[in-house]
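First the proteins, then the strands, lettered A, B, ... as listed; each starts at 1. Here the structure is a predicted model, which is why all the values come from computation and not from measurement.
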Amino acid sequence: MDIMIVLIPIAVLMGLVGLFAFFWSLRSGQYDDLEGAKHRILIDEDEG
Amino acid sequence: MALAASGCPSGLAAPAPEIPRADPAAFVRRDAEGRDALELLVQGARCAGCISKIERGLLDLPGVIEARLNLSTGRLRVAWRAGALAPARISQKLHDLGYAAQPFDPDAANAQADHEGKFLLRCLAVAGFAAMNIMMFSVPIWAGHGEMGEATRTLLHWVSAFIAVPAAMYAAQPFFRSAWQALRARRANMDVPISLAVVLTLGVSISETWRQGAHAYFDGVTMLLFFLLIGRYLDHRLRERARTAARDLLALQAVSAARIGADGAIDAVPAQALQPGDLIQIAPGERAPVDGVVIEGESELDRAMLTGETAPQSVRVGMRIHAGVINLSQRLVMRAEARAGESSVAELARLIEMGEQRRARFVRIIDKAAALYVPVVHTMAALTFLGWLAGPALLQAFGYDVAEAGVRIAILNAAAVLIITCPCALGLAAPAVQVVATGRLFQRGVLVKSGDALERLAEIDTVVFDKTGTLTLGQPRLVDGPSGETLQQAALMARASRHPLSRALAHAAGPGPAIAVRELPGVGLEAERDGAPMRLGKRSFAAPDAAGAPADGAAELWFAHGDAPPVRFAFEDAMRADVGPVIAALKQRGLAVELVSGDRLVAVQSAARAAGIETWRSDISPAGKVAHLEALRAAGKKPLMIGDGLNDAPALAAAHASVAPGAALEASQAAADLVIQVRCLRLWLKRLMLRKPRGGACGKICSFRRSIILSPRRLPQPGF
């Protein structure tokens with residue numbers, strides 16, 4: 001069961017990476033305009 | 001310029017109507033990068049087409065560096081090279097594109113950042129992270145029950161504890177704070193049992209882990225927090241949306257005024273910056289920003305929003321005018337006599353605030369439940385504890401063999417009672433139902449401003465209507481007068497004027513040509529045609545010697561052409577077509593219906609008769625309306641106020657529940673519980689009243705909640 005000493009930190013670390021990725025996205029304002037985000041994908045940048 | 005479609009290219013929103021536009025120059029701020037920046041609230045933007053149309057259109061303007069539209073809030077941020085552009089060109093451009101845009105005070109906007117919501121989201125993320133990672137360690141423990149060695153199990157428990165304790169301490173902060181506040185005020189709310197359950201379970205689990213016991217409940221604690229935080233966040237979102245709407249309206253009150261400087265130059269300043277003694281120009285179509293005295297010009301004022309009175313009032317030099325009135329025909333210059341915060345509009349705002357404070361005392365159904373629930377739950381937990389402490393000892397005293405007993409088992413079982421009865425169903429279900437209900441209503445054009453509005457709406461027993469703009473259309477309509485050639489001739493003149501009665505006449509005559517007229521403010525119009533003078537206006541002006549004409553107090557225009565006898569056009573604020581059936585339907589449901597208006601007795605009387613309302617009052621001031629609603633409440637009634645004018649806003653706030661139509665003035669929308677975007681009175685009342693017989697949304701919440709509370713808990717608690 002020695003492998004657990006390696007696997008447990010890796011598992012928790014991966015969870016933490018996800019958590020901090022969420023914090024970063026929250027801080028950088030990516031949830032400020034959910035309504036606009038879903039429409040912006042339809043705008044063709046090259047046009048006009 | 002190529003003729004592009006005006007407004008939303010998908011046709012989801014109508015092009016913006018003509019509104020009084022203010023020069024945004026007063027609200028431009030220099031940002032951190034040395035650019036000029038302006039925040040605008042854009043109305044009518046709905047889709048991807050709108051975003052690209054607005055952003056590209058503005059970027060085409062010379063000097064504009066950044067244009068970003070937030071579609072959720074309708075806020076547009078524009079930044080340009082300092083001094084490269086006149087701010088008025090931005091609002092002009094938006095207007096050309098077909099969108100209404102109003103500047104708002106960036107200081108008010110900055111105060112709107114939703115810190116509480118972001119904190120709840122972070123708590124939710126932490127609780128979710130902890131719940132999932134602890135489950136990763138809990139599943140092996142359950143799966144390997146009986147096979148896993150004690151050391152491995154304890155190791156996994158310790159790892160769980162190291163995740164759960166800091167995570168719970170962080171994520172449970174919203175509950176701890178609220179519980180602490182309630183306890184300090186010697187009350188009990190839902191967060192008291194929640195906090196107690198979290199702390200107790202963590203404590204029991206740590207002590208079990210220390211003892212190398214078989215069961216720890218870290219997974220349960222974090223999962224409980226995760227679910228409760230979902231409910232808390234939904235609830236917050238709902239209230240935040242209502243608050244944002246209200247604050248946007250407040251920020252929009254930041255109207256600018258055209259101040260005339262000492263050198264005669266006119267510059268745009270925020271209304272808040274006006275000082276008594278300042279000279280202000282009011283162009284036709286603009287609102288007076290503060291109270292003051294007319295010192296130049298002669299015109300007519302629309303006071304309908306302030307007093308409910310439909311007939312325009314003429315003003316001359318030396319007359320006092322109140323903030324909020326709209327100048328109708330000619331340029332006026334006024335001298336300010338009060339600051340924006342001391343004007344008559346601010347007085348209304350104070351009345352509104354008083355009403356809202358009173359309403360805040362309404363006890364939400366969920367808090368009523370908590371007041372009953374919390375003592376019961378805590379008594380049960382205490383009884384469990386005492387029972388397990390005393391029971392085994394008693395049994396042993398009678399000679400029975402009891403394997404396990406003692407304080408540890410008693411605490412464990414008391415904690416089990418607390419966790420199982422933890423009101424997470426209440427915390428999750430009530431906001432979930434409110435979010436669904438308000439979401440559905442929103443799709444049908446009803447904006448619910450506060451979560452408890454639906455609960456209050458279900459309790460009403462009296463409906464109080466305003467007249468102008470609610471029962472009536474708020475605009476004069478031609479009801480009596482000649483038709484055919486005479487009407488067309490009068491319309492030639494009427495089309496050239498901005499006066500409401502002229503507009504109504506032009507509307508009745510249909511589209512057609514206009515001729516050049518001379519407008520005599522407060523009197524009428526004059527023109528020449530076929531060599532004979534034409535006059536349209538007051539009786540004293542157009543028909544000084546007309547006899548035998550009815551004097552019924554209705555708004556009227558007289559028209560005279562040459563030597564022909566003058567003719568009379570009578571106007572009335574027309575009733576909405578569906579008022580009668582709506583009033584009848586309300587009465588059928590056993591609701592008392594009243595009409596309270598600031599308009600003249602004759603107008604109110606005829607409106608009440610036409611609508612079939614027996615109880616009515618006329619010439620009521622805004623404070624009088626509030627007093628009337630107070631009297632109703634004192635008599636034990638629960639009135640619903642329906643109104644749209646600024647003069648109704650205090651009454652809307654004072655009523656038990658209130659509704660404002662979508663066309664209402666911003667202040668009224670901010671004061672009302674519900675804003676209804678549908679034009680037709682019957683449609684919107686039907687939508688609301690449909691809920692009544694079933695006990696309203698509140699009844700729905702109750703049954704939904706009952707079913708959740710009564711169903712067994714679904715969170716895995718294998719230890720219990």
Margin query: Once rounded to the nearest 0.5 Å, what's the spacing between atom NZ of Lys38(A) and atom CG of Leu71(B)?
Written below: 8.5 Å

Check: What distance do Leu34(A) atom CG and Asn70(B) atom CG have between them, rounded to the nearest 0.5 Å?
Finding: 9.0 Å

Checklist line | Approximate separation, where rounding is to 0.5 Å, of Ile51(B) CD1 and Ile43(A) CD1 | finding: 4.5 Å

Note to self: Can you tell me which portion of Leu16(A) sits under 4.5 Å from chain B's heavy atoms? Options are side chain, backbone, both or neither.
What the structure shows: both

Note to self: So which residue, Glu35(A), Met14(A), Arg27(A), ends up with the most heavy-atom pairs under 4.5 Å with chain B?
What the structure shows: Glu35(A)

Notebook entry, point to check: For Arg35(B), does the CZ atom sit with more than 12 other heavy atoms under 6.0 Å from it, leaving out its own atoms?
Noted result: yes

Notebook entry, point to check: Considering residues, nucleotides and ligands other than Phe162(B), do more than 12 of their heavy atoms fall under 6.0 Å from its CZ?
Noted result: no

Item checked: Set of side chain to side chain contact (heavy atoms under 4.5 Å, CB included) partners for Ile8(A), sequence neighbours left out -> Met4(A), Val12(A), Phe137(B), Leu155(B), Leu156(B), Val159(B)

Item checked: CA sep, side-chain torsions, deciding dist, call: Val126(B), Phe23(A), side-chain contact (heavy atoms from CB on, under 4.5 Å) -> CA-CA 10 Å; Val126(B) 168; Phe23(A) 280 177; 3.7 Å; yes

Checklist line | Toward chain A, the part of Asn133(B) with a non-hydrogen atom under 4.5 Å | finding: side chain

Next item on the list: Taking all non-hydrogen atoms of both residues into account, name the closest pair between Ala48(B) and Leu42(A) and its distance.
Entry: CB-CB, 4.0 Å

Check: Relative to chain B, which segment of Leu26(A) carries a heavy atom at a distance below 4.5 Å: side chain, backbone, both, or neither?
Finding: both

Notebook entry, point to check: Which pair of heavy atoms, one from Phe22(A) and one from Leu121(B), lies closest together, and at what distance?
Noted result: CE2-O, 3.9 Å

Note to self: Can you confirm whether Met136(B) is buried at CE, in the sense that more than 12 heavy atoms of other residues, nucleotides or ligands lie under 6.0 Å from that atom?
What the structure shows: yes

